[in-house]
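Below is one structure, written out as structure tokens, with a few remarks after it.
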Amino acid sequence: MTFPVEDKQGFSVVILNGEVDLNNSPDARKVILTCLKKMKHVMVDLSNVEYIDSSGVASLVEGFQYARTNNLEFGLIGVSEAAMSVLRLARLDQVFKIYASLEDRLENGS
Amino acid sequence: MNVETTQPVITVNNLVTYYGDQKILDDVSLTVNAGEIMVIMGGSGSGKSTLLRYLLGLHSIDGGEICLFGKDISRLSTREWMEMRKKIGVSFQGGALFNSMNVGENVRMPLREHTQLDENTMKIMSRMKLEVVNLAGYEHLMPAQLSGGMVKRAALARAIVMDPSILFFDEPSAGLDPVVAADLDNLILRIREAMKVSIVVVTHELDSAFKIADRITVLDRGRILMVGTVDEVRHSDNPRIRNLLTRTSEDEPVDADEYLQRLTEGAMRN
Ligand SMILES: Nc1ncnc2c1ncn2[C@@H]1O[C@H](COP(=O)(O)OP(=O)(O)OP(=O)(O)O)[C@@H](O)[C@H]1O
Ligand SMILES: [Mg+2]
């Protein structure tokens, strides 16, 4: 299994869905890092995610850090309440750039 | 109001266990619901740690049944058990960090054992959990360099590193000063809130039990004395529960002959 990527408005939008856990977070990681290694700005769309565990969040953290060291943009869109509470526990809600949607990012800037 | 149908995550029916020919748990039944904090209380030797060990499938039972996530654990294949085990986090009495490994490696242990995640992912996951328990930056210290409270928190970080659905915690606050113990209670509540995990906590500390419990199971010499809400236990008029709450050790009648015999056995040389 892998996760789809759509190129939109200068961003690679990585669409995670369903349950992101130990079984498939390595795929999410690979997709995200592959986009970044192509020097693409990345938005990870979490709006279809029912559950994301710490291994999934760790993949987002690694992507964000990779983006920062390479002057790329990295943001999260459509973060559900469930995903938010996982982020909040480790205070990562204060670390990631979080937008309601890609449009929100485009209209209001980074 | 949103009424949730809570299917129990843990069901124990009429559990009987022996160590050798000594009966330790006798007809123990209880349930733990999703997202619930169940506190197990009882005097020393009443069988609290033993109950946790059986819930973890460490020994085979002598009667009754234990179901986790609706499945009888005695009927699982090794493979099914390994899958289930990933969803269970444990911190045993005494903390039990490996002394030869630093804190970070200790926290990563379950990941190494149960997953093939990338090294970076494991590092980030363990550091996230050290952040949660307020041990950020301590990953390179060895267990011997930590205070008692820090050992407990590191053990908690390890227990939650795989985002368990069930967390077993034996005596989290034993031996800690009250402020540190209260911090740990808050941490347990925060983790339940964020991770929606069901937690079984064994504790002697009444303050702690009353603060964190949704329900309390009182064990007495291997039998269940009561399962109830904090209020129900608090207001129970069962004398043995009152004893436990007021911490007056009950006066066992002394058998003078037997007692003297115990004290003097082998010591009376002419
Ligand atoms: N491995 C073992 N072999 C034989 N007997 C054991 C073993 N472990 C525990 N016991 C006995 O089982 C009984 C219950 O012990 P257990 O450790 O469950 O008590 P506890 O309620 O956790 O006590 P404490 O509050 O002191 O931790 C005790 O009588 C103990 O001696
Ligand atoms: Mg014990």
Side-chain angles (χ1 to χ4, degrees), chain A residues 1-3 14 16 18-37 44 46 49-70 74 76 79-96 98, chain B residues 2 34-35 79 82-89 104 107-108 110-137 139 153 156-167 186-197 199:
Chain A
M1 159 156 178
T2 183
F3 295 102
V14 177
L16 302 187
E19 304 198 340
V20 183
D21 58 19
L22 295 172
N23 296 316
N24 57 12
S25 65
D27 300 326
R29 173 177 184 269
K30 201 192 285 168
V31 172
I32 291 168
L33 290 177
T34 303
C35 293
L36 290 166
K37 283 177 182 160
V44 181
L46 298 173
V49 169
E50 285 149 31
Y51 169 78
I52 182 164
D53 75 355
S54 319
S55 68
V57 174
S59 305
L60 301 177
V61 170
E62 188 177 359
F64 190 30
Q65 180 60 6
Y66 186 94
R68 281 164 54 109
T69 53
N70 290 281
F74 184 95
L76 307 181
V79 182
S80 68
E81 192 42 46
M84 206 55 173
S85 78
V86 179
L87 295 181
R88 236 182 257 124
L89 181 64
R91 284 173 296 151
L92 285 165
D93 55 321
Q94 300 169 43
V95 173
F96 284 113
I98 298 175
Chain B
N2 185 14
R79 204 195 144 100
M82 286 299 284
E83 270 311 301
M84 187 173 284
R85 194 60 189 75
K86 288 186 195 173
K87 296 197 268 177
I88 305 173
V107 175
R108 283 189 282 281
L111 297 173
R112 291 207 189 287
E113 207 174 317
H114 294 285
T115 77
Q116 270 111 44
L117 292 169
D118 184 85
E119 192 66 27
N120 285 350
T121 306
M122 289 198 282
K123 273 211 176 98
I124 295 169
M125 286 172 78
S126 59
R127 287 174 189 162
M128 275 163 54
K129 295 299 150 79
L130 286 170
E131 293 278 344
V132 172
V133 302
N134 266 314
L135 284 178
E139 68 172 321
R153 281 183 282 144
L156 181 54
R158 183 175 62 188
I160 61 172
V161 75
M162 307 250 297
D163 298 331
S165 303
I166 300 177
L167 180 58
N186 287 329
L187 190 55
I188 290 172
L189 288 171
R190 231 157 47 82
I191 286 169
R192 187 266 299 269
E193 195 53 39
M195 301 178 63
K196 312 288 179 226
V197 52
I199 308 182

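Values below: every heavy atom of this structure, side chains too, minus hydrogens, waters and symmetry copies. The sequence lines fix the lettering, A, B, ..., with proteins before strands; numbering per chain opens at 1.
Contacts between B:T115 and chain A at a heavy-atom distance below 4.5 Å involve the side chain alone, from C-beta outward. Residue contact with chain B, scored on non-hydrogen atoms closer than 4.5 Å, involves the side chain of A:R29 exclusively. At a 4.5 Å heavy-atom cutoff, the contact between B:K129 and chain A is made by side-chain atoms alone.
Atom-to-atom distance recorded for A:N23:CG and B:K86:NZ is 6.0 Å, nearest 0.5 angstrom. The line from CE of B:M195 to CG of A:D53 is 9.0 Å long, rounded to the nearest 0.5 Å. Note that CG of A:L33 is 8.5 Å distant from CG of B:D118, once rounded to the nearest 0.5 Å. Between A:L22 atom CG and B:Q116 atom CD the span is 10.5 Å, to the nearest 0.5 Å.
When the shell of 6.0 Å around CZ of A:R91 is examined, it contains 12 or fewer heavy atoms from other residues, nucleotides or ligands. Sparse packing is recorded around CZ of A:R68, with 12 or fewer heavy atoms of other residues, nucleotides or ligands lying under 6.0 Å away.
Annotation for A:P26 and B:L117: closest pair CG-CD2, 3.9 Å, computed over non-hydrogen atoms. Shortest non-hydrogen contact noted between B:M128 and A:S54 is CE-CB, 3.9 Å. Of all the heavy atoms in B:A194 and A:S85, the pair that sits closest is O-OG, 3.3 Å.
Chain B forms more heavy-atom pairs under 4.5 Å with one residue of A:S55, A:S59, A:S25 than with any other, namely A:S55.
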Next item on the list: Apply side-chain contact (heavy atoms from CB on, under 4.5 Å) to A:Y51 and B:D163, showing your working.
Entry: CA-CA 11 Å; A:Y51 169 78; B:D163 298 331; 3.8 Å; yes

